[in-house]
Engineer: 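One structure is given below, represented as structure tokens, and several questions about it will come after.
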Amino acid sequence: MKFTVAIDGPAAAGKGTISKAIAAHFNLAHLDTGLLYRAVGRKAMDSDLPPDAIAHALTPADLLRDDLRTAEVAQAASRLASIPEVRAALVDFQRSFARRNGGAILDGRDIGTVICPNADVKLYVTADARTRAARRFAELSAKGHETSFDTVLADVKARDARDAGRTEAPMVAADDAVLIDTTGMSIDQAVEKAIRLVEARYPAN
Ligand code: C5P
């Protein structure tokens, strides 16, 4: 069975949590495509190689590093993500993941628009910037990162502007995506809504 769910949206909107819950509920393979860009960004910090060469040479181990979730790496990822050659180097892997037998869910910024324009379900998950920053701040603080709410808010806004403003594969909802604004929702409510939307398109129905 081939079944593809595409989830896009800005940083810290809840895409990751929702994607993991959908993957578990429908037994789909999950790819957090932001990790690919983060891994390229992280390696570029210690390398003189051009970023597209780093992207072409990514290995599964690069995605397992435990230092990819910092704000510094997120900014590096967002800068490199505007380079067309970097994006091109990562397309085939994402598309073949999406066509896995048994079905797949991918989350990112351009899944419904560029990577999987024919996805069976497209969701665009968003929330206002302060809500997203508050969530990310709580997440980072819980992991022991020393930062402030204002720093996280500035990071989120800078990435939003860069990701939405770039020429290549900008962050935008696909015309046929269903919008989920999680601003006033609990995690459980957002997950439940997303599962209902996927259920409606699931092949068994
Ligand atoms: O989703 P996450 O915050 O981990 O993504 C890090 C950065 O990677 C984003 O700010 C964005 O610039 C880039 N990205 C992208 N396209 C994707 C996924 C992530 O450009 N499909």
Side-chain angles (χ1 to χ4, degrees), residues 4-20 22-23 29-45 51-52 54-55 58 62-98 104-117 119 122-127 129 131-140 143 145 147 151-174 177 180 182:
T4 308
V5 181
I7 303 203
D8 293 301
K15 297 186 304 284
T17 307
I18 291 175
S19 301
K20 285 192 196 93
I22 290 177
H30 172 222
L31 179 64
D32 168 2
T33 65
L35 264 193
L36 303 173
Y37 292 92
R38 284 174 183 261
V40 176
R42 183 65 193 84
K43 285 191 107 173
M45 289 176 177
D52 57 321
I54 296 175
L58 267 196
D62 294 329
L63 305 180
L64 296 174
R65 291 176 67 141
D66 62 6
D67 57 356
L68 301 180
R69 295 282 176 201
T70 66
E72 198 188 3
V73 173
Q75 288 294 344
S78 163
R79 278 191 290 271
L80 296 174
S82 66
I83 303 172
E85 292 78 10
V86 169
R87 305 198 71 84
L90 301 173
V91 166
D92 288 349
F93 174 72
Q94 294 175 82
R95 289 202 176 133
S96 61
F97 191 98
I105 178 164
L106 288 80
D107 73 280
R109 304 291 187 288
D110 63 340
I111 308 303
T113 49
V114 174
I115 302 297
C116 305
K122 295 182 188 179
L123 306 178
Y124 192 84
V125 180
T126 188
T131 301
R132 290 186 283 120
R135 290 179 189 156
R136 183 53 51 90
F137 175 61
E139 208 177 283
L140 290 171
K143 282 189 198 155
H145 293 271
T147 185
T151 306
V152 177
L153 181 61
D155 168 67
V156 159
K157 285 185 170 170
R159 281 207 285 147
D160 282 359
R162 205 184 290 118
D163 293 346
R166 69 187 173 217
T167 314
E168 190 78 10
M171 171 177 78
V172 64
I180 301 181
T182 67

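Below, all heavy atoms of this structure are taken into account, side chains as well, without hydrogens, waters or symmetry copies. Counting convention: from 1, in listed order, for ligands and their atoms alike.
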Engineer: Hey, what do you get for CG (Leu35) to CG (Asp62), rounding to the nearest 0.5 Å?
Structural biologist: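 So the CG of Leu35 and the CG of Asp62 are separated by 11.0 Å.
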
Engineer: How many angstroms lie between atom CD of Gln94 and atom CG of Leu106, to the nearest 0.5 angstrom?
Structural biologist: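 It is 6.5 Å, given to the nearest 0.5 Å.
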
Engineer: To check your reading of the model: name the closest protein heavy atom to atom 8 (O) of ligand 1, its residue, and the distance in Å.
Structural biologist: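 The protein heavy atom lying closest is Tyr37 CB, 3.4 Å.
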
Engineer: Among Ala71, Pro170, Gly34, Ala39, which residue places a heavy atom closest to atom 5 (O) of ligand 1?
Structural biologist: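 Nearest option to atom 5 (O) of ligand 1, by heavy atoms: Gly34.
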
Engineer: State whether Arg69 and Asp32 are salt-bridged, where the test is any N-O pair (Lys NZ or Arg NE/NH1/NH2 against Asp/Glu carboxylate O) under 4.0 Å.
Structural biologist: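 Between Asp32 and Arg69 there is a salt bridge, with a charged N closer than 4.0 Å to a carboxylate O.
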
Engineer: With nothing but distance in play, are any N or O atoms of Lys15 less than 3.5 Å from an N or O of ligand 1?
Structural biologist: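 Checking ligand 1 against Lys15, no N or O pair falls under 3.5 Å apart.
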
Engineer: Should you measure from each heavy atom of Arg159, which atoms of ligand 1 turn up under 4.0 Å away?
Structural biologist: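 In order of number, 2 (P), 3 (O), 5 (O), 6 (C), 7 (C), 9 (C), 10 (O).
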
Engineer: May I ask you to identify, for Arg87, whether its side chain, its backbone, both or neither come under 4.0 Å of ligand 1 on a heavy-atom basis?
Structural biologist: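 The answer is the side chain.
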
Engineer: From Tyr124 OH over to Met171 CE, what is the distance, rounded to the nearest 0.5 angstrom?
Structural biologist: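 Interatomic distance, Tyr124 OH to Met171 CE, rounded to 0.5 Å: 4.5 Å.
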
Engineer: Could you list the atoms of ligand 1 found under 4.0 angstrom from a heavy atom of Asp163?
Structural biologist: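 Here the atoms of ligand 1 in question are 9 (C), 10 (O), 11 (C), 12 (O).
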
Engineer: Nearest to atom 4 (O) of ligand 1, what protein heavy atom do you find, and at what distance?
Structural biologist: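 Scanning the protein heavy atoms, the shortest distance from atom 4 (O) of ligand 1 goes to Arg38 NE, 2.5 Å.
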
Engineer: If you measure every N/O of Arg69 against every N/O of ligand 1, is any gap under 3.5 Å?
Structural biologist: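 Checking ligand 1 against Arg69, no N or O pair falls under 3.5 Å apart.
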
Engineer: Below 4.0 angstrom from a heavy atom of Ser78, which ligand 1 atoms are there? Numbered from 1 as shown, please.
Structural biologist: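 Result: 10 (O), 12 (O).
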
Engineer: Are any side-chain N or O atoms of Arg132 and backbone N or O atoms of Ala11, one a donor and one an acceptor, separated by less than 3.5 Å?
Structural biologist: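 Flag set: sc Arg132 to bb Ala11 pair under 3.5 Å.
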
Engineer: May I ask you to identify, for Arg162, whether its side chain, its backbone, both or neither come under 4.0 Å of ligand 1 on a heavy-atom basis?
Structural biologist: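 For Arg162, no heavy atom sits under 4.0 Å from ligand 1.
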
Engineer: So do the side chains of Leu90 and Leu58 get within less than 4.5 Å of each other, counting heavy atoms only?
Structural biologist: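 In short, these two side chains touch, coming nearer than 4.5 Å.
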
Engineer: Does atom CD of Glu168 have more than 12 heavy-atom neighbours from other groups under 6.0 Å away?
Structural biologist: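 Correct, the count exceeds 12.
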
Engineer: Run the contact test for Arg79 against ligand 1 with a 4.0 Å cut-off on heavy atoms, strictly below, and give the result.
Structural biologist: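 Contact absent.
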
Engineer: Under 4.0 Å from any heavy atom of Ala81, which atoms of ligand 1 are there?
Structural biologist: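 Answer for ligand 1: 12 (O), 13 (C), 20 (O).
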
Engineer: Would you call Arg109-Asp163 a salt bridge at under 4.0 Å N-O?
Structural biologist: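 Looking at Asp163 together with Arg109, the answer is yes, because their closest N to O distance falls below 4.0 Å.
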
Engineer: Distance-only, no hydrogens or angles: does the Ser82 side chain make a donor-acceptor pair with backbone N or O of Arg166 under 3.5 Å?
Structural biologist: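 Such a contact is absent between Ser82 side chain and Arg166 backbone.
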
Engineer: May I ask you to decide if Gly112's main-chain N or O and Asp8's side chain share a donor-acceptor pair within less than 3.5 Å?
Structural biologist: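 Here the side-chain-to-backbone pair exists.
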
Engineer: Report the nearest protein non-hydrogen atom to atom 1 (O) of ligand 1: residue, atom name, distance rounded to 0.1 Å.
Structural biologist: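 Its nearest protein heavy-atom neighbour is Arg109 NH1, 3.0 Å.
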
Engineer: Would you check the N or O atoms of Asp110, main chain and side chain alike, for any that come under 3.5 Å of an N or O of ligand 1?
Structural biologist: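 Among all N and O atoms of Asp110, at least one is under 3.5 Å from an N or O of ligand 1.
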
Engineer: Among all protein heavy atoms, pick out the one at the shortest distance from atom 18 (C) of ligand 1; state its residue, atom name and that distance to 0.1 Å.
Structural biologist: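 Closest protein heavy atom to atom 18 (C) of ligand 1: Thr33 OG1, 3.4 Å.
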
Engineer: So is Asp32 polar-close to ligand 1, meaning N/O to N/O under 3.5 Å?
Structural biologist: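 Checking ligand 1 against Asp32, no N or O pair falls under 3.5 Å apart.
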
